[in-house]
Amino acid sequence: MASLTIPSIPKYVPPSTTHKSEDVFLKKPSIFYKKSKNNNSKRGLVVTNVATAPPATSWIETETTGSKERKLAAWTSIRQERWEGELVVEGEIPLWLNGTYLRNGPGLWHIGDYQFRHLFDGYATLVRLHFENGRLIFGHRQIESNAYKAAMKNKKLCYREFSEVPKTDNFLAYVGELASLLSGQSLTDNANTGVVKLGDGRVVCLTETIKGSIEIDPDTLDTLRTFEYTDSLGFLIHSAHPIVTDTEFLTLLPDLIKPGYWVARMDPGTNERKLIGRVDCRGGPSPGWVHSFPVTQHYIIVPEMPLRYCAQNLLKAEPTPLYKFEWHPESKGYMHVMCKASGNIVASVEVPLYVTFHFINAYEERDEDGRVTAVIADCCEHYADTSILERLRLKHLRSFNGQDVLPDARVGRFIIPLDGSPYGKLEAALDPNEHGRGMDMCSINPNFLGKNYRYAYACGARRPCNFPNTLTKSRLKMILQLDFVKKKAKNWYDEGAVPSEPFFVARPGATEEDDGVAISMISDKNGDGYALLLDGSTFEEIARAKFPYGLPYGLHGCWVPKK
């Protein structure tokens, strides 16, 4: 059978170098054909529909030679402020998959000629995959935070990012900038970390600064407004990853003055946080970093990591080796368990030193009489090695010499006894070699949040790599399905590609935990990119759709069901 011809549209026009809001916005009417049985793909997928033909991918000039070669787009800035159109789908999107997957992450790492240094510094790029009746609409847009708008207007950095500090002309200006920092005015509102759907339907993008909570429209990706908290709790920072369900919003508020953590809840339809309780730090000069935290059905687990906030580092004009943190192994590591209902601390145990960004899930372990005897909390743990922060500098991500430089990681399982014991355990939940000793960016079936579960979906490594290798070398990154019962992992990989967090969407009415799909966005080795759908059970590829051009690496996402 003859191959399907895709209609052409005008060639992609690169944006201006200043990345202004008037950058070209490409959109064409969709054109559909009947299903094709043509199967020329090496993956065994067929083209099931043809929609907006994307603009041709242009060549990227290398920084060193100026020669034209294809580069991985994962660590390059987004090419234009926005794009929207329908994509060609290879394979079949399940007809039950109706809704929108939103992914947030840093996507613009420069202002004019000035280049940012760290992955976490980039201005937020929101990506939208809308699934409906087997079709896929793709779009992306910059989140219009005050930090982003000020940078575009003034052609310079105006707010403090993760490792970047606005340059001052003299000492007096620096003192004034420090005063703004202490009041929170100079902290960024660049909401580039996560995106959540609240129980009342509002969609909010988040980062670790509280002012960086921004409400967006999930259909248009318009930036609507700053998400203003109406309570009087104060605080400048919070966990970048709250626990969000249809009934509640839970967050941690680190207290840098009197070292500890406040736990707060916000009900759907409100902007008011209410305190549940407090955990005082057991060690160290300040609270440990709390990028995320887990919960069970009845408890909130508060991690106290020896990687602790450091006010002195935050005040400095140039980044320190650990940025706004310091490593205090002498202060030890702890895990605290708080009752959701009363706010009482039911366990506070010392555990081995650890470093983690992301917790996966937690659940309660019970004896034969139904009494809770322990809390189990799983995370992506880096063997108490803080070098992972340094490895996420863009200069490392953009270079690779074939050596294996990715720090090891594992599925760290905390076992927290509730019998009054002062010590807990930290062990590997499965053989680290199952996932290449690389582990992060996990998701689970949301119906199993806080419950005993079997499966997690994550990013791992095929060595050698640099988390990951940004050049088209013979290295593989993989997406994983972790089975905590069989202690095994199923792997998917595409040579030279970089996958983003695999996000699991459960099939409506499913009774099996892994009945659904995992969605990921892939930066391909040739400079392109595509959306990928894997069967949640078999972990086989069922569909993919090529983007109009390669996208920057993204972080975390959420699912917005069709109304």
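For the residue pair His238 / Glu208, no side-chain donor-acceptor distance below 3.5 Å is found, with atom types taken as modelled. A donor and an acceptor atom, one from each side chain of Thr207 and Thr193, are located under 3.5 Å apart. Using modelled atom types and a 3.5 Å distance limit, the side chains of Asn104 and His556 yield no donor-acceptor pair. Glu540 and Trp492 form no side-chain donor-acceptor contact under 3.5 Å, judged by distance and modelled atom types alone. Using modelled atom types, one finds a donor on one side chain and an acceptor on the other under 3.5 Å when comparing Tyr453 with Asp378. Side-chain contact of Arg308 with Ser331: a donor-acceptor pair under 3.5 Å is present, judged by distance alone. Between His336 and Ser348, the side chains place a donor N or O and an acceptor N or O closer than 3.5 Å (distance only, hydrogens not considered). Inspection of the Thr125 and His140 side chains reveals no N or O donor paired with an N or O acceptor under 3.5 Å. A donor atom on one side chain and an acceptor atom on the other are not found under 3.5 Å apart for Thr373 and Arg366.
Between Phe357 and His382, the ring planes lie tilted relative to each other; the angle falls in the 30° to 60° range. Between Trp109 and Trp75, the two ring planes are tilted [angle within 30° to 60°].
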For salt bridge (charged side-chain N to carboxylate O under 4.0 Å, His left out), just list the numbers for Asp408 and Arg463, CA-CA rounded to whole Å, side-chain angles, deciding distance to a tenth of an Å, and then say yes or no.
CA-CA 11 Å; Asp408 283 356; Arg463 307 288 179 153; 3.2 Å; yes
Audit row: Tyr354, Phe414, ring-ring contact (aromatic ring centres under 6.0 Å, His included) steps and yes/no
CA-CA 10 Å; Tyr354 63 98; Phe414 292 98; 4.9 Å; yes
Side chain to side chain donor-acceptor pair (under 3.5 Å) assessment of Tyr457 paired with Asn445:
CA-CA 9 Å; Tyr457 300 84; Asn445 184 329; over 6 Å; no
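In this structure a side-chain-to-backbone donor-acceptor pair under 3.5 Å is present from Arg128 to Pro218. Asn98 places a side-chain N or O within 3.5 Å of a backbone atom of Asn133 that can act as its donor or acceptor partner. Panel note: side chain Glu365, backbone Val372; no donor-acceptor pair is recorded below 3.5 Å. With hydrogens and angles ignored, the 3.5 Å screen pairs a side-chain donor or acceptor of Asn361 with a backbone N or O of Gly450. In this structure, Asn344 contributes its side chain and Val346 its backbone to no donor-acceptor pair below 3.5 Å. Between the side chain of Ser399 and the main chain of Lys395, a donor-acceptor pair closer than 3.5 Å is present. Of the possible donor and acceptor atoms, none in the side chain of Asp440 sits under 3.5 Å from a partner among the backbone N and O of Ala458. Distance alone, capped at 3.5 Å, places no donor-acceptor pair between the Ser523 side chain and the Ala73 backbone. Thr296 places no side-chain N or O within donor-acceptor distance of the main-chain N or O of Ala362, the cut-off being under 3.5 Å. Remark: the backbone N or O of His298 is paired with a side-chain donor or acceptor of Glu364 at under 3.5 angstrom.
The six-membered or imidazole ring of Phe547 lies near that of Phe138, with a centre-to-centre distance under 6.0 Å. Ring centers of Tyr323 and His118: under 6.0 Å apart, within the cut-off. Aromatic pair Phe162/Phe120: centroids less than 6.0 angstrom apart. For Trp289 and Phe325, the gap between ring centers is short of 6.0 Å.
Using a 4.0 Å cut-off between charged nitrogen and carboxylate oxygen, Asp431 and Lys487 do not count as a salt-bridge pair. Under 4.0 Å is where a charged nitrogen must lie from a carboxylate oxygen, and between Asp267 and Arg265 no such pair does. By the 4.0 Å N-to-carboxylate-O rule, Arg437 lies close enough to Asp404 to be salt-bridged with it.
The shortest heavy-atom contact between Phe504 and Ile444 is CB-O, 3.9 Å. Contact between Ala377 and Pro294 at its shortest, heavy atoms only, is CB-CG, 4.1 Å. What you find for Gly333 and Pro306 is that their closest heavy atoms are CA-CD, 4.0 Å. Leu353 and Lys332 make their closest contact through CD2-CA, 3.7 Å (heavy atoms, listed as atom of the first residue, atom of the second, distance).
Looking at heavy atoms from C-beta onward, Trp559 lies out of side-chain contact with Leu102 at the 4.5 angstrom threshold. At a threshold of 4.5 Å between non-hydrogen side-chain atoms, the residues Ser520 and Leu534 do not count as touching. The shortest distance between side-chain heavy atoms of Val203 and Val196 does not fall below 4.5 Å.
To the nearest 0.5 Å, atoms OH (Tyr101) and CZ (Phe503) are separated by 6.5 Å.
Applying the salt bridge (Lys or Arg N to Asp or Glu O under 4.0 Å) test to Glu381 and every residue at least two apart in sequence or in another chain returns Arg410.
Sorted by first and then second residue, the salt bridge (charged side-chain N to carboxylate O under 4.0 Å, His left out) pairs involving residues 511-523 (not counting sequence neighbours) are Arg507-Asp515.
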